[in-house]
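Remarks on the structure that follows.
Hydrogens, waters and symmetry mates are skipped; everything else that's a heavy atom, side chains included, is used. Naming convention: chains lettered A, B, ... in sequence-line order (proteins, then strands); numbering from 1 in each chain.
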Amino acid sequence: MRVVVPKETAPGERRVALVPETISKLAAGGYELRVERDAGAAAGFLDESYAEAGAELVERSALYEGAQVVARVAPPSADEVAALASGTLLIGFLHPLTDPEGIARLRERGVLAFAMESIPRITRAQSMDALSSQATVAGYKAVLLAANSVQKLFPMLMTAAGTIAPVRALVIGAGVAGLQAIATARRLGAVVSAFDVRPAVREQVESLGASFLDLGVTGEETAGGYATELTPDQQAQQQAALEERIPDFDVVITTAAIPGRPAPRLIPVSAVERMRPGSVIVDVAAETGGNCEVTVPGEVVEHGGVVVIGTTNLPSLMAFHASQLYSRNVAALLQHLAPGGELALDWEDEITRETCVTRPEGGS
Amino acid sequence: MRVVVPKETAPGERRVALVPETISKLAAGGYELRVERDAGAAAGFLDESYAEAGAELVERSALYEGAQVVARVAPPSADEVAALASGTLLIGFLHPLTDPEGIARLRERGVLAFAMESIPRITRAQSMDALSSQATVAGYKAVLLAANSVQKLFPMLMTAAGTIAPVRALVIGAGVAGLQAIATARRLGAVVSAFDVRPAVREQVESLGASFLDLGVTGEETAGGYATELTPDQQAQQQAALEERIPDFDVVITTAAIPGRPAPRLIPVSAVERMRPGSVIVDVAAETGGNCEVTVPGEVVEHGGVVVIGTTNLPSLMAFHASQLYSRNVAALLQHLAPGGELALDWEDEITRETCVTRPEGGS
Amino acid sequence: MSDLPLVVELTILFLAAFLGFEVISKVPTMLHTPLMSGANFIHGIVIVGAILVLGTADDTFTKVVGFAAMVLATANVVGGWFVTDRMLGMFKRRPEPRDEEKRT
Amino acid sequence: MSDLPLVVELTILFLAAFLGFEVISKVPTMLHTPLMSGANFIHGIVIVGAILVLGTADDTFTKVVGFAAMVLATANVVGGWFVTDRMLGMFKRRPEPRDEEKRT
Amino acid sequence: MISDPSVIGLLYLVTIACFVVALRFLSSPRHARRGNWVGGAGMLVAIATTLAIDGIGNWALIVVAGVIGTVVGVVGARTVKMTAMPQMVAIFNGVGGGAAALVALAEWHHVVEPGAEETVSIVLSALIGSVSFAGSVVAFSKLQELIHGRPIVFPGQNVLNLLVLGGASAFGIAAIAGAEDEWVLYLVIGLALAFGVLFVLPIGGADMPVVISLLNALTGLAASATGFVLGSTVLIVSGMLVGAAGTLLTLLMAKAMNRSVANVLFGAFGQVQAGAGGARADDGRTVRATTPEDVAVQLAYARKVIIAPGYGMAVAQAQHDVRQLADLLEERGVEVKYAIHPVAGRMPGHMNVLLAEANVPYTQLFEMDEINPEFPQTDVVLVIGANDVTNPAARNDPSSPIYGMPILDVDKAASVVVLKRSMNPGFAGIDNELYLDPKTTMLFGDAKDSVLKLIAAIKAL
Amino acid sequence: MISDPSVIGLLYLVTIACFVVALRFLSSPRHARRGNWVGGAGMLVAIATTLAIDGIGNWALIVVAGVIGTVVGVVGARTVKMTAMPQMVAIFNGVGGGAAALVALAEWHHVVEPGAEETVSIVLSALIGSVSFAGSVVAFSKLQELIHGRPIVFPGQNVLNLLVLGGASAFGIAAIAGAEDEWVLYLVIGLALAFGVLFVLPIGGADMPVVISLLNALTGLAASATGFVLGSTVLIVSGMLVGAAGTLLTLLMAKAMNRSVANVLFGAFGQVQAGAGGARADDGRTVRATTPEDVAVQLAYARKVIIAPGYGMAVAQAQHDVRQLADLLEERGVEVKYAIHPVAGRMPGHMNVLLAEANVPYTQLFEMDEINPEFPQTDVVLVIGANDVTNPAARNDPSSPIYGMPILDVDKAASVVVLKRSMNPGFAGIDNELYLDPKTTMLFGDAKDSVLKLIAAIKAL
Ligand SMILES: NC(=O)c1ccc[n+]([C@@H]2O[C@H](COP(=O)([O-])OP(=O)(O)OC[C@H]3O[C@@H](n4cnc5c(N)ncnc54)[C@H](OP(=O)(O)O)[C@@H]3O)[C@@H](O)[C@H]2O)c1
Ligand SMILES: NC(=O)c1ccc[n+]([C@@H]2O[C@H](COP(=O)([O-])OP(=O)(O)OC[C@H]3O[C@@H](n4cnc5c(N)ncnc54)[C@H](OP(=O)(O)O)[C@@H]3O)[C@@H](O)[C@H]2O)c1
Ligand SMILES: NC(=O)c1ccc[n+]([C@@H]2O[C@H](COP(=O)([O-])OP(=O)(O)OC[C@H]3O[C@@H](n4cnc5c(N)ncnc54)[C@H](O)[C@@H]3O)[C@@H](O)[C@H]2O)c1
Ligand SMILES: NC(=O)c1ccc[n+]([C@@H]2O[C@H](COP(=O)([O-])OP(=O)(O)OC[C@H]3O[C@@H](n4cnc5c(N)ncnc54)[C@H](O)[C@@H]3O)[C@@H](O)[C@H]2O)c1
């Protein structure tokens, strides 16, 4: 079974779908691997390492020849889709809920496409859960961005020139990324509070040594562990409570998200304006519109002395480790769908069924 | 006694010499304070806060009128010097060892100038020791820059998508900045080694939970606690040993310095080339030429996939806390030189004597 | 048969009682059962009484009763000791880990 | 004068010795001196001997010796007790901290 | 033949010394075994001395009785399974009580004109010895499942027991008061036997150890009383040592079960309650709760311990204490490793964050795949607030929602100790059959508390 | 008037029980005081009983002697300063030994034909009592500075002591063997007195407590021997209790000083060595070393404790253990704060980094300026590896290189305990006069070890 790994073409995307370490495991397990030249360069993986691991390095032009599986990070461009043979197995982030066009294109082409974001959050699928692995990186990176932008030191220091007070950080949305952000901010010495609408989160926040900020809003938790959207009333209440509390904080990191929906608006402009100049907001949800009204996705803006970081695709900024994690997720899914290099799709299986976004009409 | 605080004019300088908190203490202690408008804005201190603290806010044009004391961060420009009356007391970083021209200018003008970098490192002067306070900030910031540039996560994480190995960091030169860098990198979860030529440092490194990397070179320690320059032989030996060990590390932070001398060259180009792509060197000594041959002061360069950060004036990037600490140092010196607002110079006193770089010919 | 003043016997009794308390006051839970078993063995000392009775018995009744007492007391002593010993088998000191092992 | 078999006295002696060891085996260092002083008081029990000697003395020599013994023994008892008591004065239990105090 | 009472007394003093030392040693894990040997030596001295006393005869009877007793003792003690040890203690205790009662009976018959001291002692010895004998036999039968292990209760039990005991005491007092007819003592013995049976019947199998310990103390007292009858210091002292030690031990055992002695003895009156052993699975396997002291001994004498932390450690914020426990064990020469399951906790790397905070060196942390082959060579696994990640259902039970998840193979270790607060499930909401494994014991309580208790208990060893 | 020996015996048994309980209580900080009262009650029972025995006469003499003894005892015990307590213990111990010797002497004179048991007992009582008496008087004189506190040594001391003791023993054996002349016992007593003096003379003042404890045990033995002479169980038991407890206590005290008893007793022979109390300043003030157990009691019974960490805590990497100690104290209701000096350690914020790593909440950390006013209300300051930042020379001594540096005012607290490894100076290279302050005690050793020991000791309380 020939698996190909293209170099990512999306702007700013430094990750690569499979890293040499995974390649060598797959190569030993019945797969034939072709990697586009320079595919891992931006993440710090050299072509030599790929060759050593057992991949064949090819030019773009020859890449898709005889490809049975394509492993990617971002969705393929229209051109790329056109280059795929019908029935090709495609694995990657495909934005099934937010990019209907792209999906339609794949369907037309007869691609057998599996979206990494659709991996069900069940125990058995944890090793394929790319949303979690990339959110881990994003949560960590968000804190670094904040620490680098804020004019203050995170930890408390008592020195001969007086005492530096610790930074007070607030993490809103304590899912995977939020929890990692809490942990990282605490590591750096900040005093961390966190908030989430799911009631189970309080204990998790405290299990990291942070304190839970009660904004008086509690939402529902779906079977998959996700939050549901708040009612407009609740949303207003949350905004008001936040506006009240937000001036206490030097750093705010927001990660609130509802799958398939635009990010909830949590921080109104008025709240930003109440913050001290020099404070920082990192909006990890920028990609889906942002949790803060001031956020401009992909940009860093200043509003009344407050820096609002809307940088998207944070995992790509830590491409080495992000790729490493993603690569293991992809390999786990591949081995599930085609163990030992033989396609064996079981549509009864929850993972296969839920992750598949398009399949050839008369396909397996 | 009228003390004035100008807005810093040096490029990239965000700090301010006195912050509102210190201003209010001085104002209560017999000083009259004048602060240039917007002087603290870049560091996050608003004009209103200054006004509240008891300072008079003035335009640049009126600033030096009747000024008896000028408190600055960076050395004054030639224009500014010209605006000072003879006998004015000037406090700031004045680069006495490396900027003979600037000092000459002050001497000609008859300024009574005290250089913050010349504060003797004696116990009693610790509260004035701005080199230490700013080095603390620089050491912390250096780690953040490194963490932000490296493609890896600092801490070890064991996740469903495999284990992320911790970053291995090396700190060369474990003075004030170096120790802070060690502490910060350890906080973030890196495995830290450190090296210094002064023998007393090993215990200090270990007291932070890091390990000492023995490069087989030991230098002398002066009475002031500083290192002396190595012999050319020793230097070569150190370079060779480093070249051997450096490929083990993902992050290297160098802070080695000899007062009044260009920074020792520790990392030759050949060593940089042996590092893995994606690794990062932060050269805190860039200002005095850098510890790494690849360093370009003030710039971030890439050499064979290795990022070498030569950003100068790191404390200015954390202007809020850096200013706060510096401000207390300045105030402590001011109160030493002119307690209660009355100039009382005691040339027998070690601090006064050693810190003064120029004084009016026939002066006090 | 007693030839000591009662009060001396009481003194001895009191000292023994206090000593019995003190001597085991720091026993870890793990040893509760073995200690109970060991104490059980020790009260087998009643065998001394059985020997005295049986050894000096002259009528049949006393012989029969003494014989029974002797059997029971011996079973207490012997069984009690072996049960305790088996229980304590698991407290054999484990060998000191060798240095190489510790390092790997 | 002794009217007990020596071996009984030895048994008692042995039990007392063992008990003496066991009973103080967990004393914290802080109490070493007070405990020493308390034990010092207890051996003042030799006063019983002094009373017996003096109370039954009939010749002058015994009276003199007994008198001296009585004086010394009484001093041991009385002085020993008061010294111990003063030393232990510092172990008065401190009052429980009040809740408000703890919180501030 | 010894006839000098001083020599006899001195030899008996050796016995007493041996017994005191034996008890002392038996209460320390390091010397326990030696303690039993010292006690044995003391016993041999006592027996040899007694046999050598001038005037002892009936040698044939003595030898035959001794041989029978020895055979019974050796065979009983040797052939029984380790798990049946408690009932062996019970029965050997019972025969001791019986022997004391019989000696008293013989003396009653024998002594021509007993003084008050003798009569009191004889009555006490007969009474206590009989209660101990009958009670022990019932305890034995229950544990050996000759009769049902569950508490046997019936209305009026209380009153009946009191009546029987009262009767025994009344006749005893009559005997002391001068009723010299033999049957008075028979009545005392008969009623005491009945009381022994009645007294133990209502007590459940799980509480038996406490009861056996109490009966053991009673036998000691009976032996001591026999000593008064015979004027034998060695009996007085040895019996009393056991009486006192046994009483304290009874209190300690009840305390270790978090019960009072009264609750153990009389708990069943009025109301049948669940065994203290804890929850019971449908198939009869039970969850076994343990105490910090027991776990401490297990850990301290282990060669290799693996710590498997989970979300519960995070909730309890026990990481610093866990590290301290590990350090303590390492100091004692135990090899300690941490097994980190990839999804332990509630976020990727949750355990890493916490253990790094507690300064656990990275080199002690092992990923699941690395550590799983090591469990079979591990003496004790300490599961600290982990649940799902140790659930064998993930391997065995295709219908389980976690089927297919790789888990830490803690069940392959020699023994497993689980620290959690209750039998509640973890994230996945499913039961964990690991807890029913006979190798597993549960240390219930907040993980931080439990770990602190473990540290204290190990230090006290 | 009592004549029934059983009643007397029972009353004495009460005394014995009281003494046992007294010793037990005296070894627990919580009950110590009650222990002394129980002991006192027992003593009263014994005295009253003895006075009531049939045949006791010479009332006038008894009363006069009793009054004299009481006055001496009360006045001595009441008027002496707290710091002079040890010498009071010594002298009251000595008189007890003297009493025992005198009783023996009286019996020697009195008993017409003493048996072997009596003679042995009399000789032992006289010998031991005399040694104890003379030794105690010397110990008292040394401590009271009636004679010089330093070890008094001279060549041949060893040989002389052996000769004297040998002589005393030889005459004792002679007495036992049948030399019934009175002077034999006088010789024994005389030589024993001489030995007592010689034995204590070479021992330095700092070691005196161990010696006094040994003499105390000896007096117990003398009393016990007197018991054999008089056939008095209460004397035998009480004396032996003290003999055994005193012996163990002597061992424990020596151990607490990190010395062996032999080293204490014979250390001075051959070589004059420095007092064990530690370094001695020129002006006679000494550094006092302490033990973890003592500090534990101080801490556990304190109301407010401030921890002042320094570079030594960092070097020892003791931060986790320090936090644990603080937690432990807080659990016991002690208020604990950390005093962070701005330049403690070797880099700005050094203590913050470490304490944050150990998860000490920021709210427990106090800057120097905040905490300095709190020291006067603080019971104990625990200085953990800090030196320069606590050096009062910075305030008092203009010639000191650190003069003018603001310091933590730990010397204003009620007591200060310093944890460091030696008397070595810190960064500034200067001596710290805090260590000579009478309020200060030093707990020498690696900070981590010491803190761990403190934790264990507090838990054991
Ligand atoms: N790591 C991740 O990224 C991630 C993310 C989401 C979900 N998950 C899921 O989370 C689970 C993790 O497994 P796990 O074994 O770590 O945790 P778990 O299965 O959730 O079990 C935790 C156990 O800890 C006990 N506990 C809670 N608080 C405690 C306390 N204070 N003291 C002592 N025990 C306490 C609880 O029992 P008691 O209540 O009886 O004390 C509970 O059974 C897996 O099912 C995994 O799929 C993981
Ligand atoms: N904070 C800063 O920025 C900075 C920078 C440079 C210099 N300094 C200077 O450093 C000093 C700091 O004062 P400090 O009180 O923290 O430290 P210090 O005065 O240097 O004293 C530290 C003490 O800790 C003891 N110690 C070392 N290792 C130990 C161990 N393992 N266990 C127990 N004790 C140990 C040492 O005594 P033993 O050897 O007897 O154990 C030493 O006396 C000041 O003089 C300050 O001026 C500070
Ligand atoms: N079973 C598994 O294997 C598994 C694996 C990974 C994650 N999960 C669960 O899934 C959960 C969600 O993970 P995620 O990080 O991908 O979620 P997400 O990215 O969809 O959302 C991030 C967080 O935002 C919160 N949020 C939504 N609306 C909010 C609002 N208005 N205000 C504040 N917070 C709001 C959500 O509750 C969530 O915690 C996790 O917490 C975890 O428990 C389970
Ligand atoms: N007494 C006080 O109050 C006080 C206050 C602050 C600092 N100090 C002392 O001064 C020392 C120096 O402080 P600093 O940070 O300002 O020093 P610095 O900035 O001059 O130098 C930084 C470090 O580089 C090291 N270095 C020099 N050449 C090197 C080489 N070839 N290789 C490796 N390392 C080399 C030096 O040893 C020093 O540790 C501190 O360590 C501290 O002990 C004392």
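No part of F:V71 comes within reach of chain D, as not one of its non-hydrogen atoms sits under 4.5 angstrom from that chain. Both the backbone and the side chain of F:V80 come within less than 4.5 Å of a heavy atom in chain D. D:V48 touches chain F through backbone and side chain together, each having a heavy atom under 4.5 Å away. For a residue to count as touching a neighbouring chain, one of its non-hydrogen atoms must lie under 4.5 Å from one of that chain's; by this rule F:S224 touches chain D with the side chain only. Neither the backbone nor the side chain of F:W59 has a heavy atom closer than 4.5 Å to any heavy atom of chain D. With a 4.5 Å cut-off on non-hydrogen atoms, F:I16 does not touch chain D at all. Neither the backbone nor the side chain of F:T49 comes within contact range of chain D; no heavy atom of the residue lies under 4.5 Å from a heavy atom of that chain. Both the backbone and the side chain of D:L54 come within less than 4.5 Å of a heavy atom in chain F.
A donor atom on one side chain and an acceptor atom on the other are not found under 3.5 Å apart for D:H32 and F:D294. Under 3.5 Å, the side chains of F:S232 and F:Y12 contain no donor-acceptor pair of N or O atoms.
Partners of F:T226 according to the side chain to side chain donor-acceptor pair (under 3.5 Å) rule, which considers only residues two or more places apart in sequence or in another chain, are F:S125.
Between the side chain of F:N58 and the backbone N or O of D:A57, at least one donor-acceptor pair lies under 3.5 Å. Judged by distance alone, with hydrogens and angles left aside, the side-chain atoms of D:H43 form a donor-acceptor pair with the main-chain N or O of D:N40 at under 3.5 Å.
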